[in-house]
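Data block below; observations after.
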Amino acid sequence: MIDQRILRDNPEILRISQRKRGADPAIVDELIALDQDRRSLRSDFEAKRAEQKQLGKKIGPLQRAAKTTQGADREAAQAELQQLLQHAADLSESVKAADAAATELEAQLSQKWLTIDNLVDDASPVGDEDAFTLLETVGTPRDFAAEGFPPQDHLAVGARLGAIDVERAAKVSGSRFFYLLGDGALLELALLNLAMSLASKHGLTPVLPPALVGPEAMSGTGFLGQAAENVYQLPQDDLYLVGTAEVPLAAMHSDEILDEAALPIRYAGYSPCFRREAGSHGKDTRGIIRVHQFDKVEMFVFCTPEQAAAEHERLLGWEKEFLNLLEIPYRVIDVATGDLGASAARKFDIEAWIPTQERYREVTSASNCTSFQARRLKIRYRDSHGTPTPVATLNGTLVAMPRVIVAILENHQNSDGSVDIPSALQPFLGGRSQLTPPESPGAPHGAT
RNA sequence: GGAGGCGUCGCAUAGUGGCCUAGUGCGCCCGCCUGCUAAGCGGGUUGGGGAUUCAUACCCCCUCGAGGGUUCGAAUCCCUCCGCCUCCGCCA
């Protein structure tokens with residue numbers, strides 16, 4: 001949510017941002033009109049309410065006077081009391097009507113306001129998905145032709161290692177699910193431990209958050225707007241399955257006023273992630289690149305708006321450090337305004353080289369959400385004037401398990417079906433330097 | 001799942017229809033006093049919206065877990081929901 005005062009102070013900024021996102025700038029004028037009407041109706045209610053309160057103060061004492069005095073005084077008091085009560089009753093109706101009218105308009109405005117995406121950063125490249133800016137390319141893709149063998153895709157490599165089983169997952173849960181087993185399971189745990197040790201080294205607090213959250217958390221992080229169709233819901237319990245630990249981490253400090261001295265607060269949360277992948281039928285149907293459930297370590301930062309840009313760079317730096325440790329070639333892009341999502345003002349994606357696809361694919365993403373989420377979730381700090389001010393929030397992927405596993409299996413595979421383990425990961429895999437196919441290939445684990 | 005209890009200002013507590021403009025203590029902030037510190041004394045201390053303003057101050061409205069209701073008037077009475085605690089049952 002953006003500060004609504006922009007409607008009065010500088011609506012043109014909002015119009016420009018809407019245009020850059022490919023959204024409708026005309027809605028800004030609708031919002032300005034709604035905001036004006038809202039304020040006028042609310043003021044009307046407040047004036048009536050003030051009168052009602054003044055009147056109410058007179059009734060109590062007068063009632064006592066009507067009971068305790070005698071004779072003519074008593075009659076006068078009773079008559080006045082009757083008159084006041086009548087007036088008060090009329091006013092009461094009028095106050096209720098004014099309140100209802102103002103409340104109705106406030107609901108309309110805030111509902112419409114929730115459809116407005118965050119103001120884009122001036123630095124974000126303008127345009128649709130393809131308009132991204134290439135910031136950097138790191139590492140060199142292997143030349144498999146020169147090595148004399150064609151690379152197998154991650155599913156083939158994983159199946160041979162007995163590490164990935166999508167067929168049985170389809171039997172149990174449907175398409176886009178997978179089992180990690182044997183070295184596949186150990187590989188995820190090793191990546192988890194490497195990621196968490198890196199996170200701890202850099203001062204992030206490790207977190208195991210809830211993966212089921214209420215509607216405020218979901219909406220507050222911006223996932224119930226355009227992205228709602230990708231969210232699993234549990235209507236019986238009014239809960240949602242999170243698509244990322246970003247949701248429970250962001251909502252963790254909702255309705256809080258944080259101590260400025262404690263900022264930035266940095267977390268690294270490990271959680272399962274659930275995504276319906278609606279509208280992506282036919283995309284990435286093979287393997288585990290696009291799945292309904294996976295695990296991820298997500299970094300999350302609460303800081304002052306002034307610190308946000310530097311924190312964004314820091315998150316990107318840690319993401320790069322992790323991929324460097326895994327010795328995977330990648331490139332970094334500055335995501336275009338049309339592809340930012342509701343909450344982000346600026347976003348850097350890291351795309352890893354996938355040999356069998358001969359292209360770079362997104363593996364991590366770092367977003368600066370400025371105060372957009374914080375305003376919805378009421379997360380504030382006291383600024384130098386002592387005024388509660390929304391914090392800035394940022395998030396970045398440290399490791400999304402399936403895609404990183406894909407990158408490792410494909411980039412580090414050998415012609416004999418083994419996979420080299422990057423040295424940084426070896427301590428977390430019992431010191432082994434390779435994953436090797438089981439002695440007796442074929443159906444693993446006693447399939448018949 | 002059943003029974004009962006409880007949600008008040010940062011914390012603790014008072015408040016059972018108008019005297020609540022929510023009191024008191026602690027903590028915190030400012031000042032006074034004071035070799036220093038502590039104590040003592042005085043003042044301040046929820047958050048949001050609006051009006052006004054260059055910006056303040058002052059002013060108005062809302063805010064006693066949330067939302068409805070009763071009433072001229074609700075922290076207080078009624079209903080629904082949420083959360084916490086105790087006991088019983090079930091459970092990894």
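- Rounding to whole angstrom units, CD of residue A:Q236 and P of B:C81 are separated by 17 Å.
- Counting only heavy atoms from C-beta outward, the side chains of A:R346 and A:V335 never approach each other to under 4.5 Å.
- Aromatic ring centres of A:F300 and A:H253 lie farther apart than the 6.0 Å criterion allows.
- Pairing for B:G18 is with B:C72, a Watson-Crick or G-U wobble pair whose two hydrogen-bonding atom distances lie under 3.5 Å.
- To the nearest whole angstrom, the two C1' atoms, one in B:U80 and one in B:G48, are 26 Å apart.
- Contacts between residues 89-99 of chain A and RNA chain B, counted as heavy-atom distances below 4.0 Å, involve A:A89, A:S92.
- The partner of B:C81 is B:G65, judged by Watson-Crick or G-U wobble contacts that both fall below 3.5 Å.
- Comparing the P positions of B:C9 and B:G23 gives an interatomic distance of 13 Å, to the nearest angstrom.
- Shown here for A:L34 and A:Q108, the closest heavy-atom pair between the two residues is CD2-OE1, 3.6 Å.
- If you take CZ of A:R376 and P of B:G48, they are 19 Å apart, rounded to a whole angstrom.
- For B:U24, the paired nucleotide is B:A12, the pair qualifying as Watson-Crick or G-U wobble because both relevant distances are below 3.5 Å.
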Could you run down nucleotides 56-68 of chain B 5' to 3' and tag each one B, S or - for protein heavy-atom contact under 4.0 Å? ----BBS------
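- Residue-level contact check: A:R375 touches neither bases nor backbone, having no heavy atom under 4.0 Å from any strand.
- Within the structure, the salt bridge (charged side-chain N to carboxylate O under 4.0 Å, His left out) test picks out the following pairs touching residues 240-267 of chain A (sequence neighbours left out): A:R266-A:E311.
- Separating the C1' atom of B:G15 from that of B:U76 is a span of 8 Å, rounded to the nearest Å.
- OP1 or OP2 of B:G50 has at least one side-chain nitrogen or oxygen of A:R8 nearer than 4.0 Å.
- Residue pairs meeting the salt bridge (charged side-chain N to carboxylate O under 4.0 Å, His left out) criterion with at least one partner in residues 89-117 of chain A, sequence neighbours excluded, are A:R21-A:D117, A:E30-A:K112, A:R42-A:D99, A:R42-A:E106.
- Going from the C1' atom of B:G65 to that of B:G83 covers 7 Å, rounded to whole Å.
- Atoms CG (A:L105) and C1' (B:G49) sit 15 Å apart, rounded to a whole Å.
- Atom pair A:D383:CG and B:G47:P shows a separation of 12 Å (rounding to whole Å applied).
- Aromatic pair A:F177/A:Y179: centroids not less than 6.0 angstrom apart.
- A:M1 has its CE atom 14 Å from the P atom of B:G48, to the nearest Å.
- Here B:U71 presents its C1' atom at 15 Å from CD of A:Q86, a figure rounded to the nearest Å.
- Distance check on atom P: B:C29 versus B:U46 gives 16 Å, rounded to whole Å.
- The 5' end of RNA chain B is approached more closely, in terms of each residue's nearest nucleotide, by A:T387 than by the other of A:T387 and A:A88.
- Taking the C1' atoms as reference points, B:U71 lies 35 Å from B:C11, given to the whole Å.
- Sorted pairs that involve residues 224-236 of chain A and meet salt bridge (charged side-chain N to carboxylate O under 4.0 Å, His left out), not counting sequence neighbours, are lacking altogether.
- In this structure B:C91 sits in no base pair that meets the Watson-Crick or G-U test at under 3.5 Å.
- Both distances falling under 3.5 Å, in either a Watson-Crick or a G-U wobble arrangement, occur for no nucleotide opposite B:U34.
- Listed by first then second residue, pairs satisfying salt bridge (charged side-chain N to carboxylate O under 4.0 Å, His left out) with a partner in residues 391-407 of chain A number zero, not counting sequence neighbours.
- A salt bridge does not link A:R176 to A:D284: none of the charged nitrogens lies less than 4.0 Å from a carboxylate oxygen.
- For A:Q307 (side chain) and A:T304 (main-chain N/O), a donor-acceptor pair under 3.5 Å exists by modelled atom type.
- Salt bridge status for A:R432 with A:D183: present, with a side-chain N to carboxylate O gap under 4.0 Å.
- Between B:A74 and B:C64, the distance separating the two C1' atoms is 11 Å to the nearest Å.
- Going from atom CD1 of A:I379 over to atom P of B:G48 covers 15 Å, rounded to whole Å.
- Counting only heavy atoms from C-beta on, A:R380 has its side chain closest to B:G48 among B:C72, B:G49, B:G48.
- A:R38 has a side-chain polar atom (N or O) that falls below the 4.0 Å cut-off from OP1 or OP2 of B:G50.
- One can place NZ of A:K48 at 16 Å from P of B:G73, the figure rounded to the nearest angstrom.
- For the P atom pair drawn from B:G43 and B:C26, the interatomic distance equals 14 Å after rounding to whole Å.
- Nucleotide B:A55 is matched to nothing when pairs are restricted to Watson-Crick or G-U wobble geometry with both distances under 3.5 angstrom.
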